[in-house]
Each structure stands twice: as C-alpha cells, then as structure tokens.
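Everything on this sheet refers to the single structure shown next.
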Amino acid sequence: QVQLVESGGGLVQPGGSLRLSCAASGNIASIAVMGWYRQAPGKQRDMVAIIRSGGSTDYKDSVKGRFTISRDNAKNMMYLQMNTLIPEDTAVYYCGAVGRPGTYWGHGTQVTVSS
C-alpha cells in the first residue's frame, strides 16, 4: 500500500552535514504521520524526528537545534537535514510512516560520523 525508500546516507566528519531523503509511493493519501528513526550499534531503535499531517514536528532531545525534518507534498518526499553531526549520530536511519491502516518502514540508510 505504501512504499518508502531512503537515500542520502554516507560517511561524514564530525561537524559536517548530511541530508537524508525518503521517497514515498503507493497510497500516499493514507499517511497520517511520517518520521525518521535510527538504530546505533548495540542500542535500541529510537525516534529521531516526526512530522504529522498537520505539519507539527517532534524531535529527540539530543538532535534539537541540529536536525530539521521537512516534507515536500508535491514530490511525496520527506527529508532530514542533519547539521553539526557528532559520532553519536552514527546509526542506520529508517523512514517510517503510519497510514490508515498500516505502518510502513523503509530498509534504512547508513550514516557514519567519524574522523
């Protein structure tokens, strides 16, 4: 019903920036909430940022002021702009969507922050 594909991950030095993209297709009208989650080695998958259909957003405390979630409805795209990256941001980042009905996930994109 909904397909999600992430892109934009890679290797970046501390203090650098990356922009992640999530392309959505299928029954886009059913999506109520979209967000970015990440899972670092040895840690639980954690919410990074969420954007609701009305446009409101929530962020993990440790990324506030550094990350920005946004969407382009005309292109069915969601983005995560990540600035001032630190090694603790290293993780696989997943795009997720809650629809009516159903919950959908992309396969993830690796972000590595290292010198």
Side-chain angles (χ1 to χ4, degrees):
Q1 294 175 308
V2 175
Q3 297 81 45
L4 304 172
V5 180
E6 305 98 333
S7 62
L11 175 64
V12 64
Q13 291 185 320
S17 298
L18 285 173
R19 179 184 285 263
L20 304 184
S21 299
C22 175
S25 60
N27 190 11
I28 304 301
S30 71
I31 297 175
V33 181
M34 295 188 71
W36 291 96
Y37 292 72
R38 70 187 185 188
Q39 187 166 24
K43 294 186 177 181
Q44 185 179 358
R45 183 180 294 193
D46 197 16
M47 184 272 286
V48 177
I50 291 172
I51 186 164
R52 302 178 179 87
S53 59
S56 64
T57 59
D58 287 318
Y59 293 92
K60 179 181 176 67
D61 285 344
S62 62
V63 310
K64 289 180 179 177
R66 299 190 297 120
F67 291 11
T68 303
I69 188 170
S70 62
R71 66 187 183 189
D72 185 333
N73 292 331
K75 296 182 178 180
N76 295 326
M77 296 287 292
M78 182 180 67
Y79 306 97
L80 185 68
Q81 178 66 46
M82 305 186 294
N83 298 325
T84 320
L85 285 159
I86 58 177
E88 290 76 14
D89 295 320
T90 295
V92 178
Y93 284 70
Y94 297 89
C95 176
V98 177
R100 297 185 294 269
T103 301
Y104 306 94
W105 296 95
H107 289 102
T109 185
Q110 177 71 48
V111 172
T112 302
V113 184
S114 176
S115 298

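The side-chain hydrogen bond (donor to acceptor under 3.5 Å, both in side chains) check on T68 picks up nothing, with sequence neighbours excluded. Under the salt bridge (charged side-chain N to carboxylate O under 4.0 Å, His left out) criterion, R52 pairs with D58, not counting sequence neighbours. Partners of Y79 under the side-chain hydrogen bond (donor to acceptor under 3.5 Å, both in side chains) rule, at least two apart in sequence or in another chain, do not exist in this structure. For A40, the side-chain contact (heavy atoms from CB on, under 4.5 Å) test picks out K43, A91, with sequence neighbours left out. Every residue meeting the side-chain hydrogen bond (donor to acceptor under 3.5 Å, both in side chains) condition with S25, not counting sequence neighbours, appears here in chain and number order: Q3. With sequence neighbours excluded, the residues that form a side-chain hydrogen bond (donor to acceptor under 3.5 Å, both in side chains) with D46 are K60. In this structure Q110 satisfies the side-chain contact (heavy atoms from CB on, under 4.5 Å) test together with T90, V92, T112, sequence neighbours excluded. The salt bridge (charged side-chain N to carboxylate O under 4.0 Å, His left out) search around R45 returns none, not counting sequence neighbours. Under the salt bridge (charged side-chain N to carboxylate O under 4.0 Å, His left out) criterion, D72 pairs with no residue at all, not counting sequence neighbours.
Distance CD/E88 to CZ/R38: 9.0 Å, rounded to 0.5 Å. Put simply, CD1 on I86 and OG on S114 are 13.0 Å apart, with the number rounded to the nearest 0.5 Å. If you take OG on S7 and CZ on R19, they are separated by 11.0 Å, rounding to the nearest 0.5 Å.
Taking every heavy atom of both residues into account, S53 and R71 meet most closely at O-NH2, 2.9 Å. Considering all non-hydrogen atoms of both residues, M77 and S21 come closest at CE-CB, 3.7 Å. A pairwise comparison of heavy atoms in E6 and G108 identifies OE1-N, 3.0 Å as the closest pair.
A ring-ring contact (aromatic ring centres under 6.0 Å, His included) check over residues 8-35, counting only residues at least two apart or in different chains, returns nothing. A ring-ring contact (aromatic ring centres under 6.0 Å, His included) check over residues 6-25, counting only residues at least two apart or in different chains, returns nothing.
Side-chain contact between Q81 and S70: absent, with no pair of heavy atoms (C-beta onward) separated by less than 4.5 Å.
Through side-chain heavy atoms spaced under 4.5 Å, either directly or across other Ile, Leu, Val, Met, Phe, Trp or Tyr residues, Y104 is tied to V2, L4, V12, L18, L20, I28, I31, M34, W36, V48, I51, Y59, V63, F67, I69, M78, L80, M82, L85, Y93, V111, V113.
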